[in-house]
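Since this is a predicted model, take the numbers as computed values, not measurements. Just so you know, these numbers use all the heavy atoms, side chains as well, and skip hydrogens, waters and symmetry mates.
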Amino acid sequence: MSLSIRNQLPGTVTAITPGEVMATVKVRLAGGQDLTAAITLEAVEDLGLTTGTAVTALVKATEIALATAPVDGLSIRNQIPGTVTGLATGAAMASVKIAVEGGALTAAITKDATADLALSPGAPVVALVKATEVALTTA
C-alpha cells in the first residue's frame with residue numbers, strides 16, 4: 001500500500017497500557033528512540049499488537065512541530081532529536097527535512113517559524129509529536 005504520509009518509522013512495540021477506550025503503545029524505533037502512540041483499544045486488537053510486534057509509526061508532516069532544543073514541562077510525549085538536512089520554503093509554508101537516528105522525518109511548518117528558529121541545513125532540532133498524532137501499522 002502506498003501512502004502520502006512521508007514519515008514512516010520502523011520499530012518494535014515495547015509496552016501497551018490499555019485504558020477504557022484508548023491505549024498508549026510504546027515503540028522502540030530502529031534508531032533507538034522511544035515513541036508513544038495513543039490509539040484505540042479496537043486498533044490494538046485489530047492489529048494484534050503485543051510486546052515484540054514489529055510496527056511502522058506513521059506521522060503526517062503537518063503534525064510535527066520543531067524546537068531548537070528539548071522542551072521540559074510539555075505534555076507532548078515524543079521529542080526526537082535530529083539535524084536539519086534540507087529546507088524548502090514557499091510564500092507561507094516550509095518543508096523541513098530532518099535526519100534522525102535510524103531514519104528521516106519531514107516537518108511542514110510556517111515560513112515564519114523557520115526564520116524565528118534560524119533553521120538551516122546542519123542546525124540541530126527536536127521533532128515534537130503528540131502521541132495522538134502517531135498512527136501504527138504492522139509489517
Visitor: Just verifying a value: how many Å separate Ile80 CD1 and Leu105 CG, rounded to the nearest 0.5 Å?
Guide: 5.5 Å

Visitor: Just verifying a value: how many Å separate Leu35 CG and Arg28 CZ, rounded to the nearest 0.5 Å?
Guide: 11.0 Å

Visitor: Filter on side chain to side chain donor-acceptor pair (under 3.5 Å), then keep only pairs touching residues 70-81, sequence neighbours left out; what's left?
Guide: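 Applying side chain to side chain donor-acceptor pair (under 3.5 Å) to every pair that reaches into residues 70-81, excluding sequence neighbours, yields nothing.
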
Visitor: What residues join Met93 in its hydrophobic cluster, counting side-chain heavy atom gaps under 4.5 Å, either direct or through other members?
Guide: none

Visitor: Mind checking the OG1-CD1 spacing from Thr83 to Ile98? Nearest 0.5 Å is all I need.
Guide: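 The CD1 atom of Ile98 is 9.5 Å from OG1 of Thr83, to the nearest 0.5 Å.
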
Visitor: Side chains of residues 4-24: which donor-acceptor partners sit under 3.5 Å, not counting sequence neighbours?
Guide:
residue: Asn7; atom: OD1; partner: Thr106; partner atom: N; Å: 2.6
residue: Asn7; atom: ND2; partner: Val59; partner atom: O; Å: 2.9
residue: Asn7; atom: ND2; partner: Thr106; partner atom: O; Å: 2.9
residue: Gln8; atom: NE2; partner: Ile5; partner atom: O; Å: 2.9
residue: Thr14; atom: OG1; partner: Lys26; partner atom: O; Å: 3.3

Visitor: Enumerate donor-acceptor pairs with a distance under 3.5 Å from any side-chain N or O in residues 110-136 to protein atoms, sequence neighbours excluded.
Guide:
residue: Thr110; atom: OG1; partner: Ala113; partner atom: N; Å: 3.0
residue: Thr114; atom: OG1; partner: Lys111; partner atom: O; Å: 2.5

Visitor: Please tabulate, for side-chain N and O atoms in residues 40-50, each donor-acceptor pair with protein atoms closer than 3.5 Å (sequence neighbours left out).
Guide:
residue: Thr40; atom: OG1; partner: Ala43; partner atom: N; Å: 3.0
residue: Thr50; atom: OG1; partner: Thr53; partner atom: OG1; Å: 3.3

